[in-house]
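Model, not experiment: these values are computed from the prediction.
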Amino acid sequence: MGKPDTATREYINDSQIFADVFNYYAFGGKKVVEPSNLEELDTSALLTVFGKDGDEETIQRYRDALKIATLMADDNAAYVIFGIEAQTHIDYGMPIRTFLYDGLQYDSQARKIKTAHMDAGDKYSKDEFVSGLYKSDKILPVVTVVIYFGAKPWDGATKLSDLYECKYRELIDLAPDYNMHLIEPARMTDEDFEKFSTSMGKVLKFMKNSADKVGMQELMETDDAYKSIDRKAARVLKECANISLDIDSDEEVIDMCKAWSDAQKDSAVYAVIEALHGINLSDSEILKKIIEQFQIDEKEAESYLTKMSA
């Protein structure tokens, strides 16, 4: 697993962030899902299938984040299983992946119900015996949201039928469809970002602007909220927006405005050093020129040269 994947998984598994995602996506920002009412679920899903020759084949998948939520509806408890998949790159088969993830979760629920009946010594009717489920048994709905931590628009499929190929429209209409729930920064508005109550809104807004230097400059100069971003969010921005940033493990709040400004300065200095090396100037000559051009002291200039030659 790469650093961006590790950073995003750690971030979305935070209960505050997790709840905020579904409050935004399902309820328009209204606080319906409470972090305290979320319970971790096993992110691994396992299914054993049998071929015609009797050989077993095991299908195992791992979710990025999976929790069961207890919601209140008309003074009654309602339960739902929420999943989040974090994508740092576009996956053109994502609807198939999420369809399989949700299907495995439904199968897991059915197996647990069947096991509970068997452990209790419950008796089945002939019809109930086939599946191991009683007519009255119910399963919890599974809702999966895919969060794309990228700057460019998602140009892949967002539903299963987008991937179908068949000359007969009648047959495509009969095939089951599956809609993928996607959050992508490029298509979000400022109003959308404000519906989040955690740093997630700022993370997504940052990612939307990360490929636009003019937009990023304006964002860093006008939005003071980026001066105090939590460490987990800052790590996501560092890895997904490819920003050179040292994050102190003991520092809980990061100034992303300064970090971005420093990254732009570093990039400019390194570009000048590379150009001066290209015309065969000595290190001492390069040192003098970058001190003058960027108004930095000798020690800082030397550190740039050292890093460049490392």
Do Q87 and R97 have side-chain atoms, one donor and one acceptor, less than 3.5 Å apart? yes
Could you tell me whether the side chains of S125 and D127 share a donor-acceptor contact shorter than 3.5 Å? no
ILVMFWY clustering at 4.5 Å (side-chain atoms), partners of Y134: M118, Y124, F129
Is any side-chain heavy atom of [X] less than 4.5 Å from a side-chain heavy atom of [Y]?
X: K114; Y: D137; result: no
X: F206; Y: Y226; result: yes
X: R169; Y: I172; result: yes
X: V146; Y: I183; result: no
X: E184; Y: I147; result: no
X: T8; Y: T88; result: yes
X: K159; Y: P95; result: no

Parallel, tilted or perpendicular: which describes the rings of F82 and F18, with under 30° parallel and over 60° perpendicular? tilted
Indicate yes or no: does [X] engage [Y] in a salt bridge with an N to O separation below 4.0 Å.
X: D224; Y: K227; answer: yes
X: E285; Y: K288; answer: no
X: D107; Y: R111; answer: yes
X: E128; Y: K135; answer: no
X: K67; Y: E40; answer: yes
X: D190; Y: K205; answer: yes

Is atom [atom1] of [X] surrounded by more than 12 heavy atoms (other residues, nucleotides or ligands) closer than 6.0 Å?
X: E292; atom1: CD; value: yes
X: K195; atom1: NZ; value: yes
X: F196; atom1: CZ; value: yes
X: E218; atom1: CD; value: no
X: Y79; atom1: OH; value: no

Quick one: closest heavy-atom pair of Y304 and I273, and the distance? CB-CD1, 3.9 Å
Verdict with supporting geometry, Y178 and S161, side-chain hydrogen bond (donor to acceptor under 3.5 Å, both in side chains): CA-CA 7 Å; Y178 172 89; S161 59; over 6 Å; no
State which residue, out of D230, D14, D20, fulfils the side chain to side chain donor-acceptor pair (under 3.5 Å) condition with T198. D20
Taken in chain and number order and not counting sequence neighbours, the residues that satisfy side-chain hydrogen bond (donor to acceptor under 3.5 Å, both in side chains) with Q109 are none
In short, side chain to side chain donor-acceptor pair (under 3.5 Å) pairs touching residues 143-153 with sequence neighbours left out are R63-T144, D102-T144
